[in-house]
There are 2 protein chains.
Amino acid sequence: MKLKDDRKVTQIFQSALKLVAKKGLSGVTMGDISREAGIATGTLYVYFKGKDELINALFAACRENSVQVSFKGYNPQLPFKPGFKNIWLNILRYKLQHFEEVIFMEQCYHSPFITADTREKAQQLSAPFYALMERGQKEQLIKQTDTGLLLTFMLGAMNELVKQTHYSGITLNRSRINSTFDLCWDALKA
Amino acid sequence: MKLKDDRKVTQIFQSALKLVAKKGLSGVTMGDISREAGIATGTLYVYFKGKDELINALFAACRENSVQVSFKGYNPQLPFKPGFKNIWLNILRYKLQHFEEVIFMEQCYHSPFITADTREKAQQLSAPFYALMERGQKEQLIKQTDTGLLLTFMLGAMNELVKQTHYSGITLNRSRINSTFDLCWDALKA
DNA sequence: TTTTAAAGTGAATATATATTCACTTATCTT
DNA sequence: AAGATAAGTGAATATATATTCACTTTAAAA
């Protein structure tokens, strides 16, 4: 028999992301999403039990995807700084290319949609980032401050940078990206 | 005859902030707000034309207040770094003490509630911050990078730090605050 | 090709939420 | 104290939104 189409889920997700980035979580209805995705409202309920499940699934998917992409090409054998920059660039590129996800995740953080379970699973995916900072600290390259604080500082700054870049319409060229990296590195370096 | 009570507006604002921080903008209803404020739903409409106006007014009030507090005690005659740290501390303290506003502002940024006009007026209040960074650059103390970028970096990092602090339940003691300042300063300094 | 079951539909329904309004209460003025 | 006006109320109404379901379409299996 016919099978649920993965591409359709992607399409639903894309539509939801686009709308949330434009109108915020509070401004998006199931009707909006289905219209944007070019499907009937009822079809959303074929794929998801309801709005809550849709939002939670999208949240989880974004998180998994972004973490997975972040460590692409990272080789722990290589020296710390280039490895760190590699990951930093992966994160930045991902956020720039998936601006809508940045906004969506931010909006979700304080919404009643995201369940404790979803939140917890997302948090668990942070482990590799903590490990990275700890390595930098062991090698005396990174400040001996609470790793949670360092990560939050870095990722918070990056998020806001991505937003500013998006709104100002500036395209980050290589030199601009490098000077942005220097801001981060100078902050974190021991 | 009787006058609309300023304290009641404050009470409404406080209730809205508290609820938005807990449930997100999408999860808060006019009924919730009135219940939390201990008044009838109809009373909200004595003070505000509707939900939109309430949210916009709150947004503007938060923004004005935070900017005003930021420059408290700043004396441009004094050297840059202590003046900068003074402002930085003002901002951090404000955000820590008004955590709910941090969340509210973040949630609002991509909501359909905030009008272009409100947004513009908020943006105009940023001028003193830009001027501050420009001064630092003139004195060769701050990196010669786009001031918007520098500010975004700093404020984004601070926001996220405040959130992390809040969730982890850690109280920032003096030494912890200082090391956090060092992260910011090291990032920005020339 | 026919059969079968899942995928897809969208108008109808249920639910949640904003807003109104006829009325009550509080406060100021004379 | 009486009259006048604004503030406050909350049930009733209007509106927006999520969700359902009887039905149609599609595609795999027989």
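Each chain gets a letter, A, B and so on, in the order the sequences are listed, and its residues count up from 1. Here the structure is a predicted model, which means the values were calculated and not measured. FYI, side chains are in, hydrogens and waters are out, and symmetry mates aren't considered; it's all heavy atoms of this structure.
Using a 4.0 Å cut-off, some side-chain N or O of B:Thr43 falls inside it from OP1 or OP2 of D:dT9.
Listed by first then second residue, pairs satisfying salt bridge (charged side-chain N to carboxylate O under 4.0 Å, His left out) with a partner in residues 48-57 of chain B number zero, not counting sequence neighbours. Among residue pairs with one or both ends in residues 125-145 of chain B, those qualifying as salt bridge (charged side-chain N to carboxylate O under 4.0 Å, His left out) are A:Asp186-B:Lys143, B:Arg135-B:Glu139; sequence neighbours excluded.
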Listed pairs under 3.5 Å, donor-acceptor, residues 150-160 of chain A side chains, sequence neighbours left out:
residue, atom, partner, partner atom, Å
A:Thr152, OG1, A:Gly148, O, 2.5
A:Thr152, OG1, B:Gln164, OE1, 3.3
A:Asn159, OD1, A:Lys95, NZ, 2.8
A:Glu160, OE1, A:Lys163, NZ, 3.1

When the side chains of residues 122-132 of chain A are checked against the rest of the protein, which donor-acceptor pairs come out under 3.5 Å, sequence neighbours left out?
residue, atom, partner, partner atom, Å
A:Ser126, OG, A:Arg63, NH2, 2.7
A:Ser126, OG, A:Gln123, O, 3.2

Quiz item: What string of B, S and - do you get for nucleotides 14-20 of chain D, 5' to 3', if B is base contact, S is sugar-phosphate-only contact and - is no contact with any protein heavy atom under 4.0 Å?
Solution: ---SSBB
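A:Tyr94 and A:Val20 are not part of a single hydrophobic cluster, where members link through side-chain heavy atoms under 4.5 Å apart.
If you check every strand for non-hydrogen atoms under 4.0 Å, B:Ile39 touches sugar and phosphate atoms only.
Whole-Å rounding puts the B:Lys8 NZ to D:dA7 P distance at 11 Å.
Side-chain contact, A:Asp32 with A:Thr29: a donor N or O sits under 3.5 Å from an acceptor N or O.
The main-chain N or O of A:Thr145 is found under 3.5 Å from a side-chain atom of A:Gln137 such that the two form a donor-acceptor pair.
Ring centers of A:Phe13 and A:Phe48: under 6.0 Å apart, within the cut-off.
Taking five base pairs at each end of the helix from C:dT1-D:dA30 to C:dT30-D:dA1, the local helix axes there meet at an angle of 10°, rounded to 10°.
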